[in-house]
Structure formats: C-alpha cells, structure tokens
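Shown next, in structure tokens, is the structure this report addresses.
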Amino acid sequence: MTEIRTRFAPSPTGYLHIGGARTALFNWLLARNLGGRFILRIEDTDAQRSTDESTRAILESMEWLGLDWDEGPFFQSRRNDLYLEYIHKMVDSGRAYWCHCTPEELTAQREKALKEGGKPKYDGRCREKGLGPAPGAVIRFKGPETGTTHWDDLIKGPVAFDNGELDDLVILKSDGQPTYNMAVVVDDVTMGMTHVIRGDDHVNNTPRQILLYEALGAPVPKFGHVPMILGGDKKRLSKRHGAMSVMAYHEMGFLPEALVNYLVRLGWSCGDQEIFTREELVEKFSLDNVGRSAGVFDQEKLLWLNAHYIKESSPERIAALAAPLLRAKGLEDDDPAYLAKAVETLQPRAKTIVELAEQAEFFLTPEIEYDPKAAQKFLTPDMAPVVTDLADMLKQLEAFSHETLEKVFVDLMEKHELKLGKIAQPVRVALTGRTASPGLFEIMEILGRGRVLSRLDKALVFMNNPAA
RNA sequence: GUCCCCAUCGUCUAGCCAGGUCCAGGACACCGGCCUUUCACGCCGGCGACAGGGGUUCAAAUCCCCUUGGGGACGCCA
C-alpha cells in the first residue's frame, strides 16, 4: 500500500479554535498511526479576511499541542497561477463556463426559488450562452443535471446526493481568485492527498468536490467527516459558550496533553480507556472508532484530565509553568528547587496551572496576608501562649524536618492538652493566611525555620492585638 | 422551504456492523461513606439512559419503516 497523506487546512481568519484543533488532531493521528504524512495548508484565498497574525496564531497553537507537520505550511495565496491553469483547462474542455450574472440577479433568483419551495440555487441561465471574460464575470463549473454522486464516508458510511440538488458552483471569483471548493480540489489533487478528514459542515461540499475531481480526471481521495462540537445547549459551539481558542486554554492553565486527551475522546473511543499517552494514541487511533454524532464540550471533564496530568507531571515542569504567573505578581525565588518543592505539595490540589500558582503564593510572599475570616476565627488571643511555645520549641530544634516537627506538635498537644486540629489551624493561618493548605509539616519543612518563625511572630502580634 | 447527517445515564461514551451472555458497562459531574491536622488526592458505595411508534424474529439497545427531536448545508466565506 502506498503512503497515506492527510492534511489540515485552516483559513487564517482567526485563532485556532477547539473544533479545528480536533480536526487537525484526527488528521495528525491518522497519518501517524498509518505511517503517512501530515501536511499543513493555509487557505487564505479570502484576501479580505485573512491575516498573517491569524496564521501565526494557528501555527503557535499547533506547536503547543504538539501537532507537527511533515510538509508546509503551504499558502493558497501563492498558488494562484496553478488554480488559474486548472480553471482555464476546464473552460477549454467545456466543463466550465463564464457567467455574467450580477450579485443582484443571483439574489433575486435565490429568493424566487425559496418562495417556490425549492432550494435557493443558481438556475444555470448562462450555461449554454458561450460567454467570454468580462468585467465582473465569474467562471462556473458545468455540473451534471442528473444522476447521483456518492461516496463511502470513512466515518458516516455511504452518503449520496442527487446531482439535481447541486447547482453550478462558481470556481473563479470576479476578483480573479479561485473559490474555496476549486482551490481545495486543485490542492488536494496536486498535493496527493489520500484522506480528507474534515468537519461535518463540509459534507455538503463533498459531492461538488467529487464532481470537480472527476472533471479534472483526478483520483478521488477518501473522505471522512467528523461530527461537530456543540455547546451545553446543543447548539454549535461559539464564543458565548466560553473560550473557543486553543491558546485561551493555554492561558487558563491547561496542559496541552490534557486538551489533546480530552479532544480525542470527544468523538472517539477505545473501549473504556480514558487516559492515553501520546504514544498510545498514535498506536490505537482509528477512524473506525470515531462516532457519528455531535458531542457537547464539557469543561468539567477537561478539568479532570488537566488535574490528572498536573498530578502526573514532574514538579520541575509544573514549577516552570507556574513561575511566570508568580513572577507577574512580583513573587520570585532565587532557588528553583524551592519552588519545585512547594509546587509538589500543590499538584494534587490544583486543576489548572493558574489555580496552582495562586495556591503557591504563600510560599513566596514576603508578607503573609490573612484571610480576614480565617484570622478572626483562629488567630485568637487564647492561642497566643501555644504559638509562643511552638516558636520557642522550633528555635531549639536541631533538624527542621517533617519528623521532628511532628514530634514538636505532639509535645505541644500534651503540654496544652489540645487536639492537633486545635493547634494546627491557627498555625496554618499564621503560615499561609488561609484555612486550607497542604499538610502542615510538609509546608513548614519547605518554608524552613526562618520563614516559619517570622510568620509566627507576625501572627503573635496579631493575636495579642487583633483590633490593629 | 429544500437537501444531508445524527439519536444509549445531565455530559463523553462501550455495546449495534456479525440479534440472545445487557432488567445495558466505564468515565466526568453530583450525592453518601472511608482516610484525615485543614483542603485536596485516593478508595468504597449510590443516583442515573437504550426518544416514541410500528414491524421482522423464538428473541431487538442491536435489523427495517415511520414519527418526533437535534445538528449541518444551501455565498463571487472557508
């Protein structure tokens, strides 16, 4: 069997969104699974809406997700001569013709057809006129008026369209640019695509494109249409459902492997398995297990996967990801190992890097700020003697470790006849400013004697004079 | 309006193609419990679905038809 070739062909009219990312992922996975090649093509024939900034954003997103391409990126805007060559070849062979209808006439035609209960399509009035080029003229494909066009969709199975449903689509715009359908077909033919995996919203384009392949005498690739992603209200996913862009998820503190894992499982399955390494994905992916129905994007599940991958990652990696967020708040430490130690205690407690960075603040802040409620409840005058004792005992401690600290607290409990919980919470508030944190002995060991003592001192001041 | 596609717990899904082992399995979320110095993590348990109606068959979540519901497409956008 010859090497398969897949592609991802976004138009640079905005950032790479979740749906596009999944389409790219499926193409990438198919190519990697079958040992084929994955091509990236930028469809920028719409000069009005395409921007370089969008192209950069898309490439950045692809890279962040780890979807590397073997060829490209190719730009349609630089291949105009090629499209023109094919288009004129079709005119010469009688498979296409010039059309002089104005946009106004076409709109009128559509409205008329709609009123009569039909499909709003071009009526083919210029088909047999034998017109030539003219200002404002376009070239249309001369499609068959009878018969059916069908294909065996890799995901949906057999799909058939009546050719009578299709009108003569424009292949060359009046501005001299090819239309999407034409450019795509010429590209997919000349780039040797064997598999075209794209969004469900292209199903209606497929019969038209197949007709173009046939008119060009080119082999028709296999098509696979992946279902759309919907919002919670089952409507097509859009901005009002929340973040759409891949990089927004990056900024919200998601790990790329979490997004990839989530996206691939939205529409594809492999028995009951939920978590996949990239290697497993490449090994196990198959279009056979891609579902046919649309799926609702569920951020809760994405969050769960993200939490999972945060727990699984090395503290060093997570620390490196959180460091910039902390730095932005003016929190930094000369010793990267210190942050890594701190982060390690937070990994089972955070669902996003953003969340984790917030939780890590107390490790770095020079001055603890108390949550007012927490301070009021736990930093009470009656606890001052206990905290004073604790500080004294800590000063005399030889080794400042989890084990020795635990021993200190046991002694403290006995001396004051208090349960651990009674002592732990005030100390926790003193050290972190909050009532919830990683294990007390853990954080004390990491903070070190100096920070712990100064924070206890500050707490004592507060306890003895809560009004101030 | 016309055409195309889809239909299992709230959500993602397994099962469907090769009907019986499915009074339907897993995961997220939710609820309860355990663990515990707090919060998480983890572990255990619970709630919860074959859209409806006809067929075919000894037997249907699985096959066929209809209805309903949902989505998509009907551009000189891609």
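Convention: sequence-line order gives letters A, B, ...; per-chain numbering from 1. Predicted model, so just to flag it, every value in this text is computed and none were measured.
Residue-level contact check: A:G232 touches neither bases nor backbone, having no heavy atom under 4.0 Å from any strand. Here A:A113 lies out of heavy-atom contact (under 4.0 Å) with every strand. Residue contacts shown for A:P103 include a base, since a base heavy atom lies under 4.0 Å away. Using a 4.0 Å heavy-atom cutoff across all strands shown, A:E165 reaches sugar-phosphate atoms only and no base atom. Within the nucleic acid shown, A:C270 has no heavy atom closer than 4.0 Å to any nucleic acid atom. Residue A:K422 is classed as having no contact, given no heavy-atom separation below 4.0 Å to the nucleic acid. Counting any heavy atom pair closer than 4.0 Å across all strands shown, A:T45 reaches sugar-phosphate atoms only and no base atom.
As rounded to the nearest Å, B:rG48 and B:rG10 have P atoms that lie 10 Å from one another. Separating the P atom of B:rC9 from that of B:rA61 is a span of 15 Å, rounded to the nearest Å. With both ends at atom P, the span from B:rC3 to B:rC50 equals 31 Å, rounded to whole Å. Between B:rA7 and B:rC66, the distance separating the two P atoms is 16 Å to the nearest Å. On the C1' atoms, B:rG15 is 8 Å away from B:rU62, given to the nearest whole Å. With both ends at atom C1', the span from B:rC23 to B:rC28 equals 25 Å, rounded to whole Å. Going from the P atom of B:rA49 to that of B:rU57 covers 31 Å, rounded to whole Å. Taking the C1' atom of each, B:rC39 and B:rA78 are spaced 49 Å apart, rounded to whole Å.
Residues from residues 428-449 of chain A with heavy atoms under 4.0 angstrom of RNA chain B, sorted by number: A:R428, A:T435, A:A436, A:S437, A:P438, A:G439, A:L440, A:F441. Contacts between residues 260-269 of chain A and RNA chain B, counted as heavy-atom distances below 4.0 Å, involve A:R265, A:L266, A:G267, A:S269. Within residues 198-211 of chain A, the residues that place at least one heavy atom under 4.0 Å from RNA chain B are, in residue-number order, A:D201, A:H202, A:V203, A:N204, A:N205.
For residues 421-434 of chain A, the side-chain hydrogen bond (donor to acceptor under 3.5 Å, both in side chains) pairs, not counting sequence neighbours, are A:Q425-A:R428, A:R428-A:S437. Within the structure, the salt bridge (charged side-chain N to carboxylate O under 4.0 Å, His left out) test picks out the following pairs touching residues 204-216 of chain A (sequence neighbours left out): A:D167-A:R208.
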Show your working on side-chain hydrogen bond (donor to acceptor under 3.5 Å, both in side chains) between A:D382 and A:T380 and close with a plain yes or no. CA-CA 6 Å; A:D382 60 310; A:T380 49; 2.6 Å; yes

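In 5' to 3' order, the nucleotides of RNA chain B bounding all contacts with chain A (an atom under 4.0 Å from a heavy atom) are B:rG1 to B:rA78.
Between the side chains of A:N306 and A:W304, no donor-acceptor pair of N or O atoms lies under 3.5 Å.
Pair assignment for B:rG19: none, as no Watson-Crick or G-U wobble contacts are both less than 3.5 Å. Applying the Watson-Crick and G-U wobble criteria (two distances, each under 3.5 Å), B:rC3 pairs with B:rG72. Summarising the base pairing, B:rA40 is matched to no nucleotide, lacking a Watson-Crick or G-U wobble pair whose two defining distances lie under 3.5 Å. Across the strands present, B:rG46 finds its partner in B:rC30; the criterion is a Watson-Crick or G-U wobble pair with both atom distances under 3.5 angstrom.
Comment: A:R125 engages A:D123 in a salt bridge, judged by a side-chain N to carboxylate O separation of less than 4.0 angstrom.
Residues A:D272 and A:G295 each lie close to RNA chain B; by heavy-atom proximity, the contact nearer the 5' end of the strand is made by A:G295. Comparing A:G157 and A:R49 along RNA chain B, the residue whose closest nucleotide (by nearest heavy atom) sits nearer the 5' end is A:G157.
Between A:F223 and A:Y213, the two ring planes are perpendicular [angle over 60°; tilted spans 30° to 60°].
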Listed pairs under 3.5 Å, donor-acceptor, residues 139-149 of chain A side chains, sequence neighbours left out:
residue: A:R140; atom: NH1; partner: A:D168; partner atom: O; Å: 2.6
residue: A:T149; atom: OG1; partner: A:N163; partner atom: OD1; Å: 2.5

Review item, side-chain donor-acceptor pairs of residues 340-348 of chain A, under 3.5 Å, at least two apart:
residue: A:T345; atom: OG1; partner: A:A342; partner atom: O; Å: 2.6
residue: A:Q347; atom: NE2; partner: A:I310; partner atom: O; Å: 2.8
residue: A:Q347; atom: NE2; partner: A:S313; partner atom: O; Å: 2.8

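Evaluation of the side chain to side chain contact (heavy atoms under 4.5 Å, CB included) rule for A:A113 yields no partner, not counting sequence neighbours. Taking the ring pair (Phe, Tyr, Trp, His ring centres under 6.0 Å) definition, one finds that A:F409 meets it with A:F441, sequence neighbours left out. Residues passing the ring pair (Phe, Tyr, Trp, His ring centres under 6.0 Å) test with A:Y370, sequence neighbours excluded: A:F462. With sequence neighbours excluded, no residue forms a salt bridge (charged side-chain N to carboxylate O under 4.0 Å, His left out) with A:K222.
In this structure, A:H202 has its ring center closer than 6.0 angstrom to the ring center of A:Y180.
Distance check, rounded to the nearest 0.5 Å: OG1 of A:T277 to CD of A:E257 gives 11.0 Å. With rounding to the nearest 0.5 angstrom, the CG atom of A:D201 is 4.0 Å from the CE atom of A:M228.
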